[in-house]
Amino acid sequence: MMCNEQLSAAVLRVAHARVRCVGDIMLDEFVHGAVERLSPEAPIPVLRVTHEQHMLGGVGNVARNLAALGAGCHVVSAVGADTAGQRVGQLLNQLAGCSAELAVDPQAATTIKTRYIAGSQHVVRVDRERPMPPSVDAVARLLGALDRDEPQAAVIVLSDYGKGLLTDQVIRATLDAARRRGTCVIVDPKGKDYSRYRGATILTPNRQELAQGSGMPATTDDEVIAAALRLIERHDFQSVVATLSERGIMVVDRDGTARHLKAEAREICDVSGAGDTVVAVLAAALATGAALHDAASLANAAAGIVVGKVGTAVVCPDELIRAVSRAEPAGIDDKIIPFQRLHDLVHRWRRDGLRIGFTNGCFDLLHPGHVTLLAKAAAETDRLVVGLNSDASVRRLKGPTRPVQHEAARATVLASLASVSAVTIFEEDTPQRLIEHLAPDVLVKGGDYTEATVVGADFVRHRGGRVVLVDLVPQQSTSRLIERSAVGSSPGDAPPARAA
């Protein structure tokens with residue numbers, strides 16, 4: 001097994017990976033909003049929509065995770081001749097390092113999964129789908145794509161979502177081609193009949209799929225191991241990597257060796273797409289020569305990161321390195337970004353499919369109210385940018401005795417927080433120009449504001465983004481800290497004040 005330092009180095013090597021992804025692809029829609037009342041027509045909440053997102057789902061989410069890691073991928077799938085299929089193709093084209101061969105099937109309909117979310121809480125999911133085998137012409141295109149060499153792909157992923165694409169013929173053609181080339185095949189399975197995947201290298205079922213496929217209970221560790229060994233023996237798999245939700249991952253090899261990797265998540269916000277993240281990281285690590293148990297350790301750490309985010313999220317190399325090294329965020333100075341360089345950084349994040357959040361303030365003397373605000377803001381996004389008022393700006397807003405700390409010191413303290421992805425200093429009294437330059441997907445401020453008083457709210461909403469107001473920690477502000485220092489008062493003396 002690799003030590004933490006070696007695992008961190010393995011993350012960097014993932015950028016050289018190349019993976020072929022075959023399977024069902026779909027369009028994931030996320031409709032965000034706020035619930036403020038119940039419907040007068042029925043006892044159900046009314047969701048006031050503030051923001052909508054479209055993302056790749058199914059095998060497309062595996063590709064999205066690979067792109068976020070810096071790895072390359074080649075996607076083989078099919079879509080319907082519809083608007084959703086066109087959107088899927090556009091989203092694939094936007095992924096760095098990704099190529100695709102999509103068979104357009106006039107007889108099929110592209111699957112759409114729509115999730116309605118109030119704050120960070122899922123309200124309902126609506127699936128529009130018509131599972132069916134692909135047409136003869138679509139199968140011919142798929143088989144042709146599978147027969148063509150993808151010499152750089154050291155690993156093939158089969159993502160079976162039960163939507164009909166992975167017929168026995170397509171699965172067998174994929175496995176036969178892999179066997180001829182000596183390529184590792186990872187199968188994310190569906191259904192009960194795992195004989196369809198016979199001869200695959202690695203199977204990645206969740207607990208329920210493991211129980212269904214093996215016909216055995218899979219609750220305790222011993223039961224999981226026994227069920228995995230039955231699948232290996234019956235269907236000639238080399239290994240089973242079972243995902244066990246909050247209990248982590250169990251890796252079981254053909255020789256009976258088993259290792260339980262404990263879950264890394266501290267707080268679960270959303271499990272959407274976490275299995276795709278596990279498969280993507282596992283495949284990318286194996287493609288660069290990592291041993292299975294080391295690759296599974298990286299995948300387990302990645303799963304712990306993405307389930308702490310809202311929506312179908314991805315993990316990036318810097319996050320994964322911090323997770324496996326269990327170190328504090330490194331390169332604090334690198335997180336302090338000049339205004340001129342911010343656009344390139346944000347463009348790179350957006351290219352990888354990441355949501356950009358923004359908040360701002362003076363952050364003069366950092367206190368629990370600030371830390372809570374930033375943590376809640378980070379939970380709403382994939383990357384949080386903090387706009388920091390310059391010293392001159394603070395003096396104009398707060399008076400000649402402020403700030404207490406120089407802008408460089410304030411920026412350094414903010415950059416040391418894990419919740420903050422980047423800090424940039426602005427000279428103006430308001431962050432309007434910075435917001436327009438950044439064009440964030442999410443604009444976050446404290447609950448002492450209203451949407452009408454948040455600078456940049458109209459701009460963000462007009463672009464399809466959303467404004468989030470988070471509750472403040474009572475009686476926490478820089479002004480109160482300064483007042484207490486001056487008069488020696490106790491923490492509960494004065495009424496709550498607005499956090500800087």
Side-chain angles (χ1 to χ4, degrees), residues 21-33 47-68 73-117 122-142 144-145 159-167 170 190 272-273 276 310-314 350-356 382 439 441-442 460-466:
C21 302
V22 184
D24 298 301
I25 200 164
M26 59 198 73
L27 185 65
D28 280 346
E29 292 182 335
F30 294 87
V31 181
H32 297 269
L47 182 71
R48 180 173 57 81
V49 175
T50 58
H51 177 60
E52 296 185 30
Q53 292 175 297
H54 293 88
M55 296 183 184
L56 292 165
V59 74
N61 193 41
V62 177
R64 184 167 164 258
N65 274 272
L66 288 165
C73 66
H74 177 68
V75 176
V76 179
S77 189
V79 293
D82 46 32
T83 302
Q86 294 174 359
R87 177 64 66 89
V88 165
Q90 294 167 354
L91 291 172
L92 282 172
N93 289 335
Q94 293 170 10
L95 290 182
C98 178
S99 60
E101 185 137 8
L102 289 181
V104 178
D105 189 350
Q107 299 179 18
T110 306
T111 295
I112 306 172
K113 293 183 178 181
T114 306
R115 297 169 176 89
Y116 293 87
I117 304 172
H122 284 235
V123 177
V124 68
R125 193 181 93 179
V126 178
D127 291 0
R128 285 165 280 181
E129 59 184 4
R130 195 169 69 231
M132 58 184 296
S135 65
V136 173
D137 289 343
V139 169
R141 272 199 69 181
L142 291 169
S159 286
D160 192 349
Y161 274 79
K163 307 306 178 188
L165 178 78
L166 291 184
T167 63
V170 172
K190 199 72 173 180
S272 302
D276 296 327
V310 177
T312 305
V314 296
R350 281 211 169 90
R351 181 193 63 191
D352 293 335
L354 302 176
R355 295 167 297 178
I356 312 302
D382 295 314
D441 304 296
V442 184
V460 171
R461 284 195 301 265
H462 181 72
R463 291 180 53 86
R466 59 195 178 101

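We count residues from 1, following the sequence as given. Everything quoted here is computed from the prediction, not taken from an experiment.
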As a quick check of understanding, evaluate side chain to side chain contact (heavy atoms under 4.5 Å, CB included) for Arg128 and Glu29, giving each step before the final call.
CA-CA 11 Å; Arg128 285 165 280 181; Glu29 292 182 335; 2.9 Å; yes
When you look at Arg355 and Asp382, which way does the salt bridge (charged side-chain N to carboxylate O under 4.0 Å, His left out) test go after all the steps?
CA-CA 5 Å; Arg355 295 167 297 178; Asp382 295 314; 3.3 Å; yes
Test Val104 against Val79 for side chain to side chain contact (heavy atoms under 4.5 Å, CB included), laying out the working first.
CA-CA 5 Å; Val104 178; Val79 293; 4.3 Å; yes
Is there a side chain to side chain contact (heavy atoms under 4.5 Å, CB included) between Leu142 and Val22? Walk through the geometry before answering.
CA-CA 9 Å; Leu142 291 169; Val22 184; over 6 Å; no
What's the verdict on side chain to side chain contact (heavy atoms under 4.5 Å, CB included) for Lys113 and Arg125, showing C-alpha distance, side-chain angles and the deciding distance?
CA-CA 7 Å; Lys113 293 183 178 181; Arg125 193 181 93 179; 3.9 Å; yes
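For CZ of Arg87, the number of neighbouring non-hydrogen atoms (other residues, nucleotides, ligands) closer than 6.0 Å is 12 at most.
Residues Val75 and Cys98 come closest through the heavy atom pair CG2-SG, 4.0 Å. Nearest heavy-atom pair across Gly23 and Val59 is O-CG1, 3.5 Å. Cys21 and Leu66 make their closest contact through SG-CD1, 3.6 Å (heavy atoms, listed as atom of the first residue, atom of the second, distance). Shortest non-hydrogen contact noted between Arg141 and Ala103 is NH1-CA, 3.8 Å. Contact between Lys190 and Gly162 at its shortest, heavy atoms only, is CG-N, 3.8 Å. Across every non-hydrogen atom of Pro134 and Thr167, the tightest pair is CD-CG2, 3.8 Å.
Under the 3.5 Å distance criterion, the side-chain polar atoms of Ser77 are left unmatched by any main-chain donor or acceptor of Leu102. Looking only at distances, no side-chain donor or acceptor of Ser99 sits under 3.5 Å from a matching main-chain atom of His74. Remark: side-chain polar atoms of Asn61 are not paired, donor with acceptor, to backbone N or O of Asp276 under 3.5 angstrom. No donor-acceptor pair closer than 3.5 Å links the side chain of Asp28 to the backbone N or O of Met55.
Under the rule for a side-chain contact (heavy atoms from CB on, under 4.5 Å), the partners of Ala108 that lie at least two apart in sequence or sit in another chain are Asp105. The salt bridge (Lys or Arg N to Asp or Glu O under 4.0 Å) search around Asp160 returns Arg196, not counting sequence neighbours.
Taking CZ of Arg130 as the reference point, atom CD of Gln107 lies at 9.5 Å (rounded to 0.5 Å). Once rounded to the nearest 0.5 Å, the distance linking CG of Leu354 with CZ of Arg64 reads 7.0 Å. Atom-to-atom distance recorded for Arg463:CZ and His51:NE2 is 11.0 Å, nearest 0.5 angstrom.
Annotation: side chain of Val124 is not in contact with side chain of Leu47 (no heavy-atom distance under 4.5 Å). Residues Asp127 and Ile112 are not in side-chain contact: their nearest non-hydrogen atoms beyond the backbone lie 4.5 Å or more apart. Side-chain atoms of Val88 and Leu56, non-hydrogen and from C-beta on, do get closer than 4.5 Å to each other.
Screening Val460, Thr50, Asp441 for a side-chain contact (heavy atoms from CB on, under 4.5 Å) with Arg466, the sole residue that qualifies is Thr50.
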